[in-house]
Amino acid sequence: MKKTILSIILAVATTLTATAQIKVEVSETVELMSILARMAGYQEYSMDLAGQYTKDTETWFAPYRQHAAVALASDIRAKYGIGYERVMNMAVHLNVEKGKLTLLGNRAELNNGLNNGWQNVDVDDFVEKLNQFYKDTRFHKFFEQHRTFYDEGVKNFETEVMPKFHQDWYARFYGNDAPGQFHVIVNFTYGRHNNGVNRQLPDRPFEVFAIMGYQLNPTTGQPQWFPDILIHEFNHSFVNPLLDNAANVALIEKIGQRLYMWSQPEMNNQAYNDWRIVINESIVRAAVFVYMMDNGLAGKQTLNDMFNEIWRNGFRWTPELVTSLRYYANHRDQYKTMNDFYPEIAKCLEKYIIDEAGRMQNALK
């Protein structure tokens, strides 16, 4: 009996320790890459939702819009589609020490981690020009002058969101070993955008990052946070790698292409311009519903509001996918991991396509 109680105590302590390891942070490299993207005209980094901070950013950095680093950032966006999470992917692979930026990891790791366009960029040249931008703009001074503002934002996020976040759910639901470390980074230049990115450094545990945008409530003037978005972004770190499996791609590529074709205007408005993104975003959105229900975080009205928003954004197959993922959650003796269940996800979405096409044919009879 004593041994059983001790085991329970140790298990609870381990869970609490794992949760406590999640630290909400501000990152100098995240702000640097975001402000560089803003100066280069990236629309997603120019939302102007941070009040005085936005004004300070413009005042400080606008004179450097012709800088060589800004010109390069503009060029690689036009040529290789660098933007959104790809900017943040670079940010988490950068380190600042003694006033100098360096890339984290060896070349092999960088080639694997900095993909989606970055593999076409001369990253050494990019970092060299970025270092010059960092020095010429006196970026560190700007960053330190806003330390109090950053700290207040981080504190608000910790109070408003983190009590509703349950790290252990992810490994339990997906059937994978949990990543070595979860990071939450508040991005004060990103407006209402958010991203999930990851990093695998040599001799380090796998790390997942939720990059959370910052915006002020126009009515209250206070920071506005939505817990379901944090839940959403961490899901990406488990869902996106499923399409690294060629067997899963073979199962779902044509299905994803059809779903993208059916909802292309809505998807393009959200910068979802590829069938892979549509599939991953679909599964992540359905997983968020399961998370919310599993953890008692939303009543029926909130869930209905979430469904309505998802419907407006083009993900009209979400109800079917939520039902499918709930079946998975209740049959874990049959499906040990989400990867094992992936063929059923493909069947679910294929059935949705067949049913919708059948409804149209019936209407045309």
Side-chain angles (χ1 to χ4, degrees), residues 81 84-85 116 173-175 196 228-229 231-233 235-236 238-294 298-365:
Y84 290 95
E85 77 281 355
N116 293 325
F173 181 69
Y174 288 101
D228 60 300
I229 296 176
I231 297 162
H232 174 115
E233 296 306 337
N235 271 289
H236 272 295
F238 293 85
V239 170
N240 291 13
L242 295 171
L243 279 181
D244 292 336
N245 184 335
N248 291 340
V249 172
L251 283 171
I252 212 163
E253 181 174 4
K254 290 182 179 179
I255 295 167
Q257 290 171 343
R258 178 65 66 87
L259 294 176
Y260 174 56
M261 181 185 71
W262 280 1
S263 57
Q264 191 168 353
E266 297 100 324
M267 295 302 164
N268 287 350
N269 284 339
Q270 300 164 85
Y272 301 154
N273 55 6
D274 179 84
W275 71 265
R276 290 173 177 266
I277 299 175
V278 172
I279 289 296
N280 288 336
E281 292 290 343
S282 298
I283 298 172
V284 164
R285 279 163 169 74
V288 169
F289 277 92
V290 178
Y291 179 104
M292 301 285 277
M293 290 184 282
D294 282 354
K300 286 187 177 180
Q301 185 58 52
T302 299
L303 294 173
N304 284 333
D305 290 343
M306 289 170 60
F307 265 129
N308 289 337
E309 181 180 0
I310 284 173
W311 190 273
R312 288 193 300 270
N313 288 334
F315 293 91
R316 289 177 282 275
W317 45 88
T318 299
E320 288 82 358
L321 204 47
V322 170
T323 300
S324 183
L325 292 189
R326 294 191 78 185
Y327 179 88
Y328 158 75
N330 291 324
H331 293 80
R332 297 304 300 282
D333 57 332
Q334 186 176 354
Y335 306 101
K336 299 300 182 185
T337 70
M338 180 69 79
N339 190 69
D340 296 335
F341 189 70
Y342 212 84
E344 300 305 317
I345 293 174
K347 289 177 185 177
C348 168
L349 294 174
E350 184 176 35
K351 184 177 185 303
Y352 171 84
I353 290 171
I354 292 170
D355 289 348
E356 288 299 293
R359 289 201 313 128
M360 178 56 70
Q361 292 303 313
N362 287 336
L364 298 176
K365 287 181 180 178

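Nothing here was measured: the structure is a model prediction, and the numbers come from that model.
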Q: Going by side chain to side chain contact (heavy atoms under 4.5 Å, CB included), name the residues that satisfy it together with N280, two or more places apart in sequence or in a different chain.
A: V239, N240, L243

Q: What about the rings of Y260 and Y272, do their centers lie closer together than 6.0 Å?
A: no

Q: If every non-hydrogen atom of S324 is compared with every non-hydrogen atom of E344, which pair is closest and at what distance?
A: OG-O, 4.2 Å

Q: Under a 4.0 Å threshold between the charged nitrogen and the carboxylate oxygen, would K347 count as salt-bridged to E350?
A: no

Q: Would you check if the distance from the ring center of F238 to the ring center of F173 is below 6.0 Å?
A: no

Q: Regarding W311 and T318, is there a side-chain donor-to-acceptor distance under 3.5 Å anywhere?
A: no

Q: Donor-acceptor pair, distance only, cut-off 3.5 Å: does the side chain of E320 make one with the backbone of C348?
A: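 No; zero donor-acceptor contacts below 3.5 Å.
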
Q: I need the M306 CE to N308 CG distance, nearest 0.5 Å.
A: 11.0 Å

Q: Taking the basic N atoms (NZ, or NE/NH1/NH2) and the acidic carboxylate oxygens, is any pair closer than 4.0 Å for R359 and D355?
A: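 No, no charged N to carboxylate O under 4.0 Å.
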
Q: What verdict does the side-chain hydrogen bond (donor to acceptor under 3.5 Å, both in side chains) test give for N235 and Y174, after you've listed the backbone C-alpha separation in whole Å, the side-chain angles of each residue and the deciding distance to 0.1 Å?
A: CA-CA 9 Å; N235 271 289; Y174 288 101; 2.4 Å; yes

Q: Is the side chain of N248 donor-acceptor paired with the backbone N or O of L242 at a distance under 3.5 Å, no angle test?
A: yes

Q: Starting at CE of M293, measure out to CG of L303 and round the result to the nearest 0.5 Å.
A: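 Interatomic distance, M293 CE to L303 CG, rounded to 0.5 Å: 6.0 Å.
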
Q: Taking the side chain as C-beta and beyond, is there a heavy-atom pair between M267 and N273 under 4.5 Å?
A: no

Q: Identify the heavy atoms of Y342 and I279 that sit nearest to each other, and give their distance.
A: OH-CG2, 3.5 Å

Q: What distance do Y328 atom OH and I345 atom CD1 have between them, rounded to the nearest 0.5 Å?
A: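 Interatomic distance, Y328 OH to I345 CD1, rounded to 0.5 Å: 8.5 Å.
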
Q: Are Y335 and H331, when compared by the centres of their aromatic rings, separated by less than 6.0 Å?
A: no

Q: State, with a plain yes or no, whether a side-chain heavy atom of V322 is found less than 4.5 Å away from one of R326.
A: yes

Q: Taking side chain as C-beta onward, heavy atoms only, is I255 less than 4.5 Å from W275?
A: no

Q: From L259 CG over to F315 CZ, what is the distance, rounded to the nearest 0.5 angstrom?
A: 9.5 Å

Q: Can you measure from CD (Q257) to CZ (R276) and round to the nearest 0.5 angstrom?
A: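 Spacing of CD (Q257) from CZ (R276) equals 10.0 Å.
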
Q: When you check the side-chain N and O atoms of E281 and H236, is any donor under 3.5 Å from an acceptor?
A: yes

Q: Can you confirm whether L349 sits close enough to W317 that some side-chain heavy atom of one is under 4.5 Å from a side-chain heavy atom of the other?
A: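 Sidechains of W317 and L349: in contact.
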
Q: Any side-chain heavy atom of Y327 within less than 4.5 Å of one from Q334?
A: yes

Q: Mind listing the closest non-hydrogen atom pair of R285 and I310 along with its distance?
A: CB-CD1, 4.0 Å

Q: Mind checking whether L325 and F341 have side chains closer than 4.5 Å, heavy atoms only?
A: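 SC-SC contact between L325 and F341 confirmed.
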
Q: With a 4.0 Å cut-off, would you call E266 and R316 a salt bridge?
A: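 Looking at R316 together with E266, the answer is yes, because their closest N to O distance falls below 4.0 Å.
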
